[in-house]
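Some notes on the structure that comes next.
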Amino acid sequence: MSAEKEGNSRGALVLALETSCDESAAALMRGRELLAAEVFSQVAIHGAYGGVVPEVASRNHLLALRPVLEAALASAGVRLQELDAVAATAGPGLATSLMLGFSIAKGIAVALRRPFIPVNHIEGHLLSPFLHETSGPRDAVGLVVSGGHTLLVRIHGTGRYRLMGKTLDDAAGEAFDKVGKLLGLPYPGGPNLAKLAEDGDPKRFAFPRSMLGSGDFNFSFSGLKTAVRYLLPKQDPVPVADVCASFQEAVVDVLVAKTLGALQAERVQTLAISGGVSCNVRLRERFALACQTAGLQLLVAPPALCTDNAAMIAYVAALKLENGAVSSLEAEIEPSLNFASWLKA
Ligand code: KG4
Ligand code: ZN
């Protein structure tokens, strides 16, 4: 009993599993302190198919989850029986992938008689830049740029968000991946394209900066992708590095301009960037410079917390528990969970 009390006074010990796509991840957090975060990436497996194959992803989650969970427990030096709560990603994501982490986490919660906390993957990304901030989520504009989403969100605090803008077609990461495919780069296109862009001329091709003057905070990246598609047959040989650098610059230009506009409109001083595309070195450089010039604070998580991971899921669960969340054993996976429907929930 005394050990239990001691545990509680240091904050709840939370296990989170994340399996929304092709990373099998487990993390442990005590209070807001991250104790361990393990990820098994299936990128090499899906690379052979040129993209994520849902059936293959779910089989590999099944194989990877137990070792990933055991590695997280060993690294944190805790036992399963010590957990105070169990969390998992509910959506959005691939149904057959979500199901694995969600069901296993729920099973552990039931077996241990602990609360089960479902977490929205996008909220995980959105709040990940605050994970190492002692103050936690606060007034900010959040830019989520992942493979499935490009969102501008006004953050008022944990659980209090307003959608300011989103992509009307392709997400930023999706555009990177599709252009990578057009160029014949290995999967995933984003990081491979970014690597090649390092040696390219970002001014060589004047690709479109869509919706810069749209007067709202929405994005569109499909025209940019089409511009690359039309350009390629006219080039022989294709100057791959220059195409990559020019494409990347066009994406980053739009993201920086729209996001700075959102910060100005909201008169907030903090920008929190998250999602896989926020690993992009050029994007980080450009936002760092823009924020420095405008006197804004930039929060961007280390790369391991930008791509899919369970630390961000554990963090949201920890914040929810602080705010009095109770167990939701009746919750089910929600593969199509989107920001708007979740706000209404
Ligand atoms: O957040 P994430 O791991 O998964 C989703 O929730 O979608 O994001 C994956 C996306 C992919 O589209 C990937 O190509 C992109 O992030 N990405 C990058 C970079 N690293 C990952 N895009 C551009 N530059 C990078 N360095
Ligand atoms: Zn993600």
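In listed order, ligands and their atoms are each counted from 1. Keep in mind that the numbers below use all heavy atoms, side chains included, and drop hydrogens, waters and symmetry copies.
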**Q.** Residue pair Phe130 / Ala140: nearest heavy atoms and the distance that separates them
**A.**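 Taking Phe130 first and Ala140 second, the nearest heavy atoms are CZ-CB, 3.9 Å.
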
(Q) Looking at every heavy atom in both Asp177 and Gly190, which two are closest together, and how far apart are they? (A)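 Taking Asp177 first and Gly190 second, the nearest heavy atoms are OD1-N, 3.0 Å.
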
Would you indicate which of [options] comes nearest to [atom] when only heavy atoms are counted?
| atom | options | result |
| --- | --- | --- |
| atom 16 (O) of ligand 1 | Pro92, Gly276, Ala171 | Gly276 |
| atom 3 (O) of ligand 1 | Val144, Asp308, Val52, Thr89 | Asp308 |
| atom 15 (C) of ligand 1 | Val277, Asn309, Ile122 | Val277 |

Answer yes or no: does an N/O atom from [X] fall short of 3.5 Å to an N/O atom of ligand 1?
| X | answer |
| --- | --- |
| Gly190 | yes |
| Phe176 | no |
| Pro188 | no |

Which of these passes side-chain contact (heavy atoms from CB on, under 4.5 Å) with [X]: [options]?
| X | options | answer |
| --- | --- | --- |
| Leu193 | Asn280, Leu185, Val243 | Leu185 |
| Thr89 | Leu98, Val119, Thr19 | Leu98 |
| Arg229 | Leu224, Leu182, Val179 | Leu182 |

Q: Carefully, step by step, assess Glu18 and Ser20 under the rule side chain to side chain donor-acceptor pair (under 3.5 Å).
A: CA-CA 6 Å; Glu18 147 69 39; Ser20 63; 2.6 Å; yes

Heavy atom under 4.0 Å from ligand 1: found in [X]'s side chain, backbone, both, or neither?
| X | value |
| --- | --- |
| Glu23 | neither |
| Cys306 | backbone |
| Asp177 | side chain |

Q: Output the atom name for the N/O/S atom of Asp308 with the smallest distance to the Zn ion (ligand 2).
A: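 Closest N, O or S atom of Asp308 to the Zn ion (ligand 2): OD1.
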
Mark up the atoms of ligand 1 that fall under 4.0 Å of a heavy atom belonging to [X], in ascending order.
| X | answer |
| --- | --- |
| His121 | 6 (O) |
| Gly147 | 5 (C), 7 (O), 8 (O), 9 (C), 10 (C), 12 (O) |
| Thr307 | 3 (O) |
| Gly173 | 12 (O) |
| His125 | 1 (O), 6 (O) |

Looking at [Y] and [X], is any side-chain nitrogen of the basic one under 4.0 Å from a carboxylate oxygen of the acidic one?
| X | Y | result |
| --- | --- | --- |
| Glu82 | Arg79 | yes |
| Lys203 | Asp242 | no |
| Arg162 | Glu266 | yes |
| Lys258 | Asp216 | yes |

Consider ligand 1: state whether an atom of it lies below 4.0 angstrom from any non-hydrogen atom of [X].
| X | answer |
| --- | --- |
| Gly93 | no |
| Gly148 | yes |
| His149 | no |
| Lys195 | no |

(Q) Within 2.8 Å of the Zn ion (ligand 2), is there any N, O or S atom belonging to His125? (A)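 For His125, the answer is yes, given that an N, O or S atom comes within less than 2.8 Å of the Zn ion (ligand 2).
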
(Q) Quick check on the Zn ion (ligand 2): does Cys21 put an N/O/S atom closer than 2.8 Å to it? (A)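 It does not; every qualifying atom lies at 2.8 Å or beyond.
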
Q: Inspect the surroundings of CD in Gln292 and state if more than 12 heavy atoms from other residues, nucleotides or ligands are less than 6.0 Å away.
A: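 No, because the 6.0 Å sphere around CD of Gln292 holds 12 heavy atoms or fewer from other groups.
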
Q.
Can you confirm whether Arg32 is buried at CZ, in the sense that more than 12 heavy atoms of other residues, nucleotides or ligands lie under 6.0 Å from that atom?
A.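 Yes.
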
Q) So which heavy atom in the protein is nearest atom 24 (N) of ligand 1, and how far is it from that ligand atom? A)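 Checked against all protein heavy atoms, atom 24 (N) of ligand 1 sits closest to Asn280 ND2, 3.0 Å.
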
Q: Give the ring-plane orientation class for Phe221 versus Phe219, where under 30° counts as parallel, over 60° as perpendicular and anything between as tilted.
A: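 Parallel: the ring planes of Phe221 and Phe219 meet at under 30°.
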
